[in-house]
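Only a predicted model underlies this, so the values are computations on that prediction, with no experimental measurement involved. So that the names make sense, note that chain A is the first sequence line, chain B the second, and so on, each numbered from 1.
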Amino acid sequence: MTPLGKAPDVSDVPDVINRYVADFRAFAANGAGGAPSWLKEIREGAIARFAQLGFPTTKQEAWRFTSVAPIAETRFVRAPGSEVPVSESQVAPLLLRGAAGPRAVFVDGRHAPALSSRVGLPQAVEAGSLAAALQAGGGSELARAHLARHATWRESPFAALNTAFLLDGAFVHIPAGIALEQPLELLFISTGQSLGPTVTHPRSLVVVDRGAEAAVIEHYVSLARGVYWTNAVAEVVVDDEARVEYYRVQGESRDAYHVATTHSRQGRDSYLGLHVVTLGAALARHDVHTVLDGTGAELILNGLYLLGGTQHADHHTLIEHARPHCASHEFFNGVLDERAHGVFTGRIIVRPGAQRTDSKQTNNNLLLSTEARADSQPQLEIYADDVKCTHGSTVGPLDQTALYYLRSRGLSAETAQSLLTYGFAAEILGRMRRAEVRERLDQVVRDRLESGAAARAA
Amino acid sequence: MGERGRKHAMLEIKNLHASVEGREILRGVDLTVRAGEVHAIMGPNGSGKSTLAQVLGGHPAYTVAEGSVLFEGKDLLAMKPEDRAREGVFVAFQYPVAIRGITNAYFLRSAVNAIRKHRGEEELGPVEFMDRLEDKLRVIGWDSSYLSRPVNEGFSGGEKKRNEILQMAVLEPKLAILDETDSGLDIDALKTVAHTVDKLRRPDNATVLVTHYYRILTHIAPDFVHVLSDGRIVKSGGKDLALELEEKGYDWIREGAAVA
């Protein structure tokens, strides 16, 4: 580990960075949740790193298509958290799984125990507040072993900022051999009910021990429209022979900003299905960094973005094959309507010695309007010789021949178009193994496409 | 009047001229098909066989410059592709299209229900539809696993052609136009396809087989064989004509047409 720096003097850096450094000083001085000293040290290092990196610009390759100027230029204040009363009846319709299953609910970044439920969870399973885990005795050892060890906050200014302001979020631990029956939902609600734009830095740590099985939903929603910024980081640890279905659903307000990093590390013979569904936010950027770090690990990275209006969403994925005999299959489909812009970058690194790697990547983009836009770039870096890697991407409108084919079987032009569009999304949903989640998302997607089609017809 | 004269003309094509991307492909096709008949349209590559099938299906890339097509007395060319299907015209594609994310079962049921709705019949639910589908599947030698796969996605050439025949069996058209459904099939697949087409023959429906090869005609005996060359039907006859073409090739007809 590189030595951690000290936060620079506030006079050394540009104003925009300054604000965050000054705010960090206030945050740290305020006790910052009575965190253990190791965490305080990490936070200090992270703010120093953020001050060095600053906000990215479009001159940087990884940010070529996405300007974060609207975020850098907005004066966000940290959401006070838990100050806005949210009732159970408000939460129930927001839950992807409804109120029947186990859930940990967060309001403006802070855990809300009254809105959460452990229903059906085995006693040994942790599913609650990260802040609490950082203070408690047992949880903190596990948290210390993993927290900020996987997320590459040294490379990403946003992950660094999240780490600097790390206060609360979800802490999930599934001990060895336990199989969760029901999907566990982590619901992050932004109330958007503040006088000015607010920011939250929710952090999730999910540790699934050897041979355990779980489905987890990380879900972002808002109660109201309005400008706010969610800067999220999640670390997902999948130990040897564990099997995890991880659903990440971003349904923020259409005025919001959403920046996130998801990191996963997989052990030997493990399976991770990482499903990403992006529906909301005016500007969204999601970095996914997965490491196949045990022989025989299997990853399905499966993403869908449905964008309309002037929405912009950028998915930046990195799959790292660090060990031999691993398989990664990546599929991202984008449906872009009106003036929306979708960006996909899919980087695959096959490390030396990661022989017999089987890696497949596809990114398909459907443009429903002449003003919609998609950029797709695959990046393969292969340092082993006995590997099978394929990639492909498409950008274009609905296929005229396919439309004609459907019409020639009696379907109206309108039905044919909506069926083809739905199929584009359904292809991604079809890889989700938990039927109860898949069916709910199917409904969400249908509703979304219908309202898009209605807007076009109007 | 002979026996033929008593049956009404299901399809009447007169002086049909059609072009694609500015090139005229069909240059005056005349053809009459009556209920209960099987017609084979043969001809060398580039003669316009597939264009004829696509024009009858209503492919938007093809433009009709001249001529008329009546289907059961109605102006077929004025109809949208979906209306042609709903009226009972079916075109099996030479290159069936893969539809991602939509299962075969869902697609077939949507198509059947679109047509039933047009006829004023009640739409079928998933269970009811599956019951009706079982027989049809058996005929083409498939199990139900093909129904849960996305339409033609990852299908082999032969599987795609069988899928076209399955659609035809399910939609029960009055007029089926099979555009080179036989090409690219191994002998077993060809037999299955031919057997299915033969089994679906009824006095009140008709089939037009567009083909390059004699092979399929040994399994489905056509009532009429037409030779298309340079966008026109230059010769018509009985099934013996197909055998003659198999032996002598197309050149003698083309030469004959040039002389005439």
Does either side chain, that of A/Thr290 or that of A/Ser264, offer a donor lying less than 3.5 Å from an acceptor on the other one? no
Any residues in residues 404-414 of chain A near chain B, with a heavy-atom distance under 4.5 Å, and which are they? A/Tyr404, A/Tyr405, A/Leu406, A/Arg407, A/Ser408, A/Arg409, A/Gly410, A/Leu411, A/Ser412, A/Ala413
Counting only N and O atoms by type, is there a donor-acceptor contact under 3.5 Å from the side chain of A/Asn333 to the main-chain atoms of A/Phe424? yes
Under 3.5 Å, is there a donor on one side chain and an acceptor on the other for A/Glu218 and A/Tyr247? no
Contacts of residues 142-166 of chain B with chain A (heavy atom under 4.5 Å): B/Val151, B/Asn152, B/Glu153, B/Glu164
At a heavy-atom separation under 4.5 Å, does B/Arg84 approach chain A through its side chain, its backbone, both, or neither? neither
State whether a side-chain donor-acceptor pair under 3.5 Å links A/His258 with A/Gln250. no
Do B/His39 and B/Thr207 have side-chain atoms, one donor and one acceptor, less than 3.5 Å apart? no
Please confirm whether the ring centroid of A/His316 lies under 6.0 Å from the ring centroid of A/His286. no
Closest contact, heavy atoms only, A/Ser376 versus A/Asn365: CB-ND2, 4.1 Å
With a 4.5 angstrom heavy-atom cut-off, is it the side chain or the backbone of B/Tyr106 that approaches chain A, or both, or neither? side chain
Checking side-chain polar atoms at under 3.5 Å, does B/Gln94 have a donor or acceptor matched by the opposite partner on B/Ser50? yes
Any side-chain donor paired with an acceptor under 3.5 Å for A/His341 and A/Asp375? yes
Pairing of A/Arg446 and A/Asp442 as salt bridge, 4.0 angstrom limit: yes
Side-chain H-bond candidate by donor/acceptor type, A/Tyr271 with A/Arg433, under 3.5 Å: yes
Are side-chain N/O atoms of A/Gln377 and A/Arg347 paired as donor and acceptor at under 3.5 Å? no
Tell me if the centroids of the rings in A/Phe332 and A/His315 come within less than 6.0 Å of each other. yes
Check this for me, if you would: do A/Arg434 and A/Glu245 make a salt bridge, where the nitrogen-to-carboxylate-oxygen distance has to be below 4.0 angstrom? no
Give the interface residues of residues 71-83 of chain B toward chain A, defined by a heavy-atom separation under 4.5 Å. B/Lys80, B/Pro81, B/Glu82
Flag the one option from A/Asp399, A/Leu429, A/Asn364, A/Thr401 with the top tally of heavy-atom pairs under 4.5 Å to chain B. A/Asn364
Would you call B/Arg100-A/Glu427 a salt bridge at under 4.0 Å N-O? yes
Side chains of B/Asp182 and B/Thr211: do they bring a donor and an acceptor to under 3.5 Å? yes
Ordered numerically, the heavy-atom neighbours of chain A under 4.5 Å found in residues 113-141 of chain B are B/Ala114, B/Ile115
Atom CZ of A/Arg356 with >12 non-hydrogen neighbours under 6.0 angstrom: no
With a 4.0 Å cut-off on N to O distance, would you call B/Glu180 and B/Lys49 a salt bridge? yes
